[in-house]
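Just so you know, these numbers come straight off a predicted model, no measurement behind them.
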Amino acid sequence: RANGELREPCWSGHQVPLNTSRQCAFAQTPVLAMRFCSLGSGSSGNALVVECGTTRVMMDCGFTLASTKERLERAGLAPRDITAIVATHEHDDHLGGVARFAKRYAIPVHLTRGTAQWLPPDFPAVLVRYIDPHTAFAVGDVAVEPFPVPHDAREPVQFVFSDGAARLGVLTDLGTPTSHVQEKLS
């Protein structure tokens with residue numbers, strides 16, 4: 001109880017109010033609200049999972065296969081729970097584990113053409129989903145809005161995730177804040 005309100009733990013370990021079920025933007029059945037869990041953030045690796053209903057999108061995967069699996073398990077998830085991966089840019093701390101993880105578990109990867117140039121030559125084309133940095137798309141119950149950012153990479157983007165009722169904007173590496181970035185996050 002917090003302020004007289006019943007609460008329960010969510011998969012990331014945080015306490016959330018009971019009776020927070022509602023519709024996701026693309027779902028027809030009640031589900032818990034959109035939520036997220038950082039698997040790690042830093043120069044040694046980055047990954048974040050966004051969830052709405054049964055859809056779980058991993059943003060970046062800069063960890064080894066074993067480390068990513070271990071981090072998911074700590075969050076109460078398994079690799080098979082991940083619906084898709086979205087990649088921000090090609091730096092190793094963001095893209096370093098994407099190819100191995102996606103290939104091992106047959107998970108589609110959404111990324112710009114500039115970032116895709118850094119995938120290994122043997123990466124299965126069937127798992128590649130090219131995105132336009134200015135065009136929103138959906139992964140199951142999660143709306144994903146990429147937007148370009150200034151950074152020292154080929155075609156870097158960041159993302160705003162939405163379930164139709166709430167938005168989560170994520171900035172990892174940003175060269176400098178711009179009015180465009182501010183507009184996308186407001």
Side-chain angles (χ1 to χ4, degrees), residues 7-41 46-62 68 71-72 75-77 79-89 94-95 98 101-102 107-116 127-151 153 155-174 177-186:
R7 300 176 81 74
E8 67 179 349
C10 74
W11 59 272
S12 64
H14 294 93
Q15 296 290 315
V16 296
L18 286 174
N19 301 321
T20 57
S21 293
R22 65 171 171 205
Q23 293 282 109
C24 275
F26 307 104
Q28 298 303 313
T29 56
V31 295
L32 288 173
M34 181 176 63
R35 48 194 185 175
F36 71 96
C37 179
S38 175
L39 301 181
S41 177
N46 295 274
L48 173 119
V49 177
V50 177
E51 176 191 76
C52 181
T54 59
T55 303
R56 293 184 182 99
V57 177
M58 182 187 304
M59 186 180 96
D60 291 336
C61 183
T68 302
R71 289 165 186 267
L72 284 169
L77 297 171
R80 73 182 181 303
D81 295 326
I82 302 301
T83 308
I85 298 170
V86 296
T88 59
H89 63 288
H94 294 267
L95 193 70
V98 168
F101 188 81
I107 298 170
V109 179
H110 300 257
L111 69 177
T112 63
R113 290 183 182 276
T115 301
L127 296 178
V128 175
R129 308 288 190 275
Y130 293 116
I131 62 171
D132 179 305
H134 301 279
T135 305
F137 59 97
V139 175
D141 294 329
V142 178
V144 183
E145 183 182 358
F147 60 96
V149 295
H151 188 48
E155 194 177 12
V157 294
Q158 295 296 310
F159 296 98
V160 174
F161 302 94
S162 176
D163 66 357
R167 292 170 32 118
L168 170 67
V170 182
L171 283 176
T172 55
D173 291 9
L174 181 65
T178 66
S179 57
H180 177 69
V181 170
Q182 189 174 17
E183 175 188 317
K184 288 299 180 181
L185 296 175
S186 42

To the nearest 0.5 Å, tell me how far Asp163 CG sits from Glu51 CD.
11.0 Å
Mind checking side-chain hydrogen bond (donor to acceptor under 3.5 Å, both in side chains) for Thr115 and listing every partner two or more places apart, or none if nothing turns up?
Thr112
Which heavy atom of Ala75 sits nearest to which heavy atom of Leu39, and what is that distance?
CB-CD2, 4.3 Å
Taking only distance into account, with no hydrogens and no angle test, what donor-acceptor pairs under 3.5 Å do side-chain atoms of residues 127-135 form with protein atoms, sequence neighbours excluded?
from: Arg129; atom 1: NH1; to: Val126; atom 2: O; distance (Å): 2.7
from: Asp132; atom 1: OD1; to: His134; atom 2: N; distance (Å): 2.6

Could I get the full list of side-chain hydrogen bond (donor to acceptor under 3.5 Å, both in side chains) partners for Ser38, not counting sequence neighbours?
none
If I compare all heavy atoms of Pro150 with all of Thr178, which pair ends up nearest, and what's the gap?
CG-CG2, 3.8 Å
Closest non-hydrogen atom pair between Asp60 and Val98, with its separation
C-CG2, 4.4 Å
Which heavy atom in Ala102 sits nearest to a heavy atom in Val109, and how many Å separate them?
CB-CG2, 3.5 Å
Are any of the side-chain heavy atoms of Leu72 and Phe101 separated by less than 4.5 Å?
yes
Decide whether Thr172 and Gln158 meet the rule of one side-chain donor and one side-chain acceptor closer than 3.5 Å.
yes
Which heavy atom of Glu155 sits nearest a heavy atom of Gly114, and at what distance?
OE1-N, 2.7 Å
Residues passing the side-chain hydrogen bond (donor to acceptor under 3.5 Å, both in side chains) test with Thr55, sequence neighbours excluded, are none
Under the ring pair (Phe, Tyr, Trp, His ring centres under 6.0 Å) test, which residues partner His94, sequence neighbours left out?
His89
